[in-house]
Amino acid sequence: MITTRTPQTASDRAAGPLALDLDDVTVGYRGIPAVRSLTLEIRSGERLVLTGPSGCGKSTVLRALAGLLPPQSGEVRADGEPVRSTSRDRAMVFQEDALLPWRTVRSNVVLALGLRGVPRERRRPDADRWLEEVGLDGYAGHLPRELSGGMRQRVQLARGLAGAPRAVFMDEPFGALDAQTRATMQALLLRTLDAHPATVVFVTHDVAEAVLLGHRVAVMGRRGEPMRALVDVPDDPAGRAAALAAVQAALTSSREEWTQ
Ligand code: ADP
Ligand code: MG
């Protein structure tokens, strides 16, 4: 049984987190591939972290998973069905401030709930419940510019997870935050996902963050190269330390080639 404080429809509950599948995917811009022949299976409920040098195609992979960018060849699938467009099942959370500045915090979350098909009368109470969940009760009526960077990122998290998406794609969401706020947000994300399970693909440059959040860490290589390394992150401290070293080594070799 799933116990969530945020109401979901019966069909959402039955469906659960999405299994995602990149099958020999080549994807890029104006006919020029940015990512070539990428094959990767992401299990239902898994947190997969994508890392790699700047420009290697991490954001491009997220866009393909979200259905924002169609592959030139190969296929992206969600629960075995080809992804051809965006869907309310799959949500994006960005690093940059993607909040609408003229709308209140609540109204930004209400808008996302509307896009996910939540009935009108449920949007406001749901939004307030999500704001409470990310520690922003009392700020629903504020405008984004009246909040700190960390608080705005909490709103983005609420907005991304509200409406119980079955998969969430997060593009360096904590990249602009100071170390302490970042640690708080990482803990908040893990707590929130415990209560509202979803498959997560999370992009970060930060190796410690990758190993903290990921069940697996995929290290992407040079532009056009398939995956450099796929590292399992065990639950015990020694296993985590070994995973961190493996990710660091793959990243270093990838960066060195990148800058040659
Ligand atoms: P990352 O997120 O790993 O830094 P991106 O996925 O943003 O990398 O970019 C991968 C490659 O695709 C880069 O070479 C980048 O210049 C190119 N690229 C990204 N976005 C666009 C775009 N909108 N138009 C053309 N090329 C792009
Ligand atoms: Mg990027």
Side-chain angles (χ1 to χ4, degrees), residues 18 20-30 32-43 46-78 83 86 90-98 153 156-157 160 165 167-177 182 185-186 189 198-233 243-244 246-259:
L18 279 176
L20 300 161
D21 202 356
L22 294 146
D23 184 1
D24 199 13
V25 168
T26 295
V27 58
Y29 305 88
R30 292 183 289 273
I32 302 168
V35 174
R36 262 184 240 267
S37 300
L38 177 64
T39 294
L40 181 62
E41 280 177 33
I42 304 159
R43 294 182 282 267
E46 180 175 21
R47 293 190 303 272
L48 180 99
V49 173
L50 268 184
T51 190
S54 191
C56 71
K58 303 178 295 295
S59 298
T60 303
V61 171
L62 291 193
R63 286 184 200 118
L65 285 166
L68 291 165
L69 197 59
Q72 290 162 17
S73 63
E75 196 164 64
V76 179
R77 290 185 286 267
V83 166
T86 57
R90 288 172 274 118
M92 269 283 214
V93 179
F94 300 96
Q95 172 184 343
E96 69 267 24
D97 254 327
Q153 214 51 26
Q156 301 233 66
L157 195 60
V168 189
F169 309 128
M170 308 184 81
D171 201 351
E172 307 195 46
F174 309 146
L177 304 178
R182 182 185 265 232
M185 291 301 292
Q186 290 162 345
L189 175 64
T199 306
V200 176
V201 184
F202 189 103
V203 169
T204 182
H205 274 106
D206 181 328
V207 181
E209 179 168 78
V211 171
L212 176 74
L213 296 180
H215 295 122
R216 282 189 301 164
V217 180
V219 183
M220 295 176 68
R222 286 173 294 123
R223 182 177 174 134
E225 180 198 43
M227 199 64 74
R228 170 68 47 125
L230 195 51
V231 177
D232 270 306
V233 183
L244 192 130
V247 171
Q248 187 72 66
L251 209 46
T252 304
S253 75
S254 188
R255 281 212 184 100
E256 275 163 6
E257 284 179 24
W258 192 252
T259 50

Could you tell me whether the side chain of [Y] reaches within less than 4.5 Å of the side chain of [X], counting heavy atoms only?
X: L40; Y: L48; answer: yes
X: L65; Y: L22; answer: yes
X: T199; Y: R43; answer: no
X: L20; Y: V76; answer: no
X: Q156; Y: P173; answer: no
X: L189; Y: F202; answer: yes

At what distance, to the nearest 0.5 angstrom, does [atom1] of [X] lie from [atom2] of [Y]?
X: L62; Y: L68; atom1: CG; atom2: CG; value: 9.5 Å
X: T60; Y: L50; atom1: OG1; atom2: CG; value: 10.5 Å
X: D171; Y: K58; atom1: CG; atom2: NZ; value: 8.0 Å
X: C56; Y: M227; atom1: SG; atom2: CE; value: 9.0 Å
X: M185; Y: L157; atom1: CE; atom2: CG; value: 5.0 Å

[X] and [Y]: which non-hydrogen atoms are nearest, and at how many Å?
X: E209; Y: Q186; answer: OE2-NE2, 2.6 Å
X: P33; Y: Q72; answer: CG-OE1, 3.7 Å
X: P53; Y: G221; answer: CD-O, 4.3 Å

Return yes if some donor-acceptor pair links the side-chain N/O of T86 with the main-chain N/O of A66 below 3.5 Å, else return no. no

Contacts of D23 meeting salt bridge (Lys or Arg N to Asp or Glu O under 4.0 Å) (sequence neighbours excluded), chain-then-number -> R77

For residues 210-219, run the donor-acceptor check on the side chains, cut-off 3.5 Å, and write out each pair with its distance to 0.1 Å, sequence neighbours left out.
| residue | atom | partner | partner atom | Å |
| --- | --- | --- | --- | --- |
| H215 | ND1 | R47 | N | 2.8 |
| R216 | NE | E46 | OE2 | 2.5 |
| R216 | NH2 | E41 | O | 2.6 |
| R216 | NH2 | E46 | OE1 | 3.0 |
| R216 | NH2 | E46 | OE2 | 3.3 |

